[in-house]
Amino acid sequence: MVKIATWNVNSIKARLPNVLGWLEDFAPDIALLQEIKSVEDSFPRLEIEALGYHLAVAGQKTYNGVAILSKTPLEVAETRLPGEPEDDQARYIEATTETAAGRLRVASIYLPNGNPVPGEKFDYKLRWLDRLNAHIPSLLAREEAFVLGGDYNVIPADEDCHDVAAWAGDALIRPESRAGLRRLLYLGLTDAFRALHAEGHVYSFWDYQGGAWEKDEGVRIDHLLLSPQAADLLAESGIDARPRAKPKASDHTPVWCTLAAA
DNA sequence: ATGGTGGCGGTGCCA
């Protein structure tokens with residue numbers, strides 16, 4: 001069994017004790033991290049390698065930054081999302097690794113938030129969704145298992161939101177954003193959580209403000225999207241809400257799935 | 001209730 005998780009940690013430096021504790025406790029084979037807010041040189045490499053992980057980092061100062069942690073060695077394929085060479089924001093890293101479930105391609109994705117709407121940031125979000133969609137066919141053509149995990153900053157459907165009215169007009173729930181995510185599913189990808197859980201109102205993000213966590217006023221915006229070959233191996237999935245309850249928590253919590261050994 | 005939550009960086013930006 002291969003356990004894969006995605007977690008927007010909101011700064012690896014501020015979150016290091018929480019992340020290390022969770023890695024030891026949850027012991028994912030692969031962890032896809034977003035918003036590390038760190039360049040590669042200041043990433044706490046030694047502490048994470050000490051837990052038995054190989055590391056691939058696409059870092060950036062202050063903002064963004066994504067990483068892949070894996071118990072098996074990584075071969076980096078991309079450190080930026082193709083399609084807009086002048087875009088230097090560190091929001092995408094893709095690598096391959098040999099797992100108990102066979103060769104697996106994984107990507108850690110931090111899709112732009114896109115607020116306010118309308119505006120340049122929303123336009124950038126929609127272009128980013130277009131670029132991600134444009135990148136998928138080349139991955140599908142490999143006919144391999146792959147998992148694209150991350151903070152998509154898109155609420156897929158009304159049941160993934162505590163209060164649709166409260167989010168009306170927000171970039172995370174706008175029809176254009178949902179359409180961009182839906183196109184990924186139409187290409188043949190599977191939402192690992194939704195595929196195995198019909199129930200709504202299960203969340204991966206709760207705002208720091210207004211006691212959202214205590215009131216369970218969240219949204220489900222962190223997703224693991226599986227290629228058909230990976231979906232065939234999908235055994236379990238879930239959302240581990242425990243890290244959100246801890247002191248110094250990220251505003252996101254890990255989303256995970258397991259793939260059966262080949 | 002003219003605040004509000006948090007990270008970064010040392011001021012406003014970003015989420």
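When reading the values below, keep in mind they use all heavy atoms of this one structure, side chains included, and skip hydrogens, waters and symmetry mates. Every chain is numbered from 1 and lettered A, B, ... according to where its sequence line falls, protein lines coming before strand lines. Being a predicted model, the structure only gives us computed values, none of them experimental.
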Q.
If you assign Pro112(A) and Ile36(A) each to the DNA chain B nucleotide with the nearest heavy atom, which residue ends up on the more 5' nucleotide?
A. Ile36(A)
Q: Scan Trp22(A), Trp7(A), Trp256(A) and name whichever one has a side-chain hydrogen bond (donor to acceptor under 3.5 Å, both in side chains) with Asp240(A).
A: Trp22(A)
Q. Does Lys13(A) make a side-chain N or O approach to OP1 or OP2 of dC8(B) shorter than 4.0 Å?
A. no
Q. Which distance, rounded to the nearest 0.5 Å, do you find between the CG of Asp29(A) and the NZ of Lys3(A)?
A. 8.0 Å
Q.
Whole angstroms only, please: what is the CG-P distance between Leu111(A) and dA15(B)?
A. 11 Å
(Q) Nearest to the Asn113(A) side chain among dC14(B), dA15(B), dC8(B), which nucleotide is it? (A) dA15(B)
With a 3.5 Å cut-off and sequence neighbours excluded, list the donor-acceptor pairs that the side chains of residues 63-70 of chain A form with protein atoms.
| from | atom 1 | to | atom 2 | distance (Å) |
| --- | --- | --- | --- | --- |
| Asn64(A) | OD1 | Arg91(A) | NH2 | 3.3 |
| Asn64(A) | ND2 | Gln60(A) | OE1 | 3.3 |
| Asn64(A) | ND2 | Gln89(A) | OE1 | 3.4 |
| Ser70(A) | OG | Thr72(A) | N | 3.1 |
| Ser70(A) | OG | Thr72(A) | O | 2.7 |
| Ser70(A) | OG | Thr72(A) | OG1 | 3.2 |

Q) Among the nucleotides dC8(B), dA15(B), dG7(B), which one has an atom lying closest to any side-chain atom of Lys248(A)? A) dG7(B)
Q. Under 4.0 Å between a side-chain N or O of Thr62(A) and OP1 or OP2 of dC13(B)?
A. no
Q) Whole Å only: how far is the NZ atom of Lys61(A) from the P atom of dC13(B)? A) 16 Å
Q) To the nearest Å, how far apart are Glu35(A) CD and dC14(B) C1'? A) 8 Å
Q.
When you measure from the side-chain N and O atoms of Arg15(A) to the phosphate of dG7(B), is any distance below 4.0 Å, counting only OP1 and OP2?
A. yes
Q: Provide the distance between the two P atoms, one in dC14(B) and one in dG3(B), to the nearest whole Å.
A: 23 Å
Q) Please give, in whole Å, the distance from dA15(B) P to Trp128(A) CH2? A) 13 Å
**Q.** Any Arg91(A) side-chain nitrogen or oxygen under 4.0 Å from OP1 or OP2 of dA15(B)
**A.** yes
(Q) Give me the atom names and distance for the closest heavy-atom approach of Ala90(A) to Gly59(A). (A) CB-O, 3.6 Å
Q) Asn115(A) has an atom CG; how far is it from atom C1' of dC14(B), in whole Å? A) 11 Å
**Q.** First of Ile12(A) and Asp151(A) reached from the 5' end of DNA chain B, by closest nucleotide
**A.** Ile12(A)
(Q) Rounded to whole Å, how long is the line connecting atom CG of Asn64(A) with atom P of dC8(B)? (A) 13 Å
Q.
For a quick check of understanding: with a heavy-atom distance under 4.0 Å over all strands, which category does Tyr110(A) fall into, base, sugar-phosphate or nothing?
A. sugar-phosphate
Q.
Please report the distance separating the C1' of dA15(B) from the corresponding atom of dG4(B), rounded so that it comes out in whole Å.
A. 15 Å
Q | Other ILVMFWY residues reachable from Leu184(A) by side-chain steps of under 4.5 Å | A | Leu81(A), Tyr92(A), Ile109(A), Leu111(A), Val117(A), Phe122(A), Tyr124(A), Leu126(A), Trp128(A), Leu129(A), Leu132(A), Ile136(A), Leu139(A), Leu140(A), Phe146(A), Leu148(A), Tyr152(A), Val154(A), Leu181(A), Leu185(A), Leu187(A), Leu189(A), Leu225(A)
Q: Take the protein atom CG of Asn10(A) and the nucleotide atom C1' of dG6(B), then report the distance between them rounded to whole Å.
A: 7 Å
Q | Nucleotide nearest Gln209(A) (side chain, heavy atoms from C-beta), chosen from dC13(B), dG6(B), dA15(B) | A | dA15(B)
**Q.** Gln34(A) CD to dC14(B) P, straight-line distance once rounded to whole Å
**A.** 20 Å
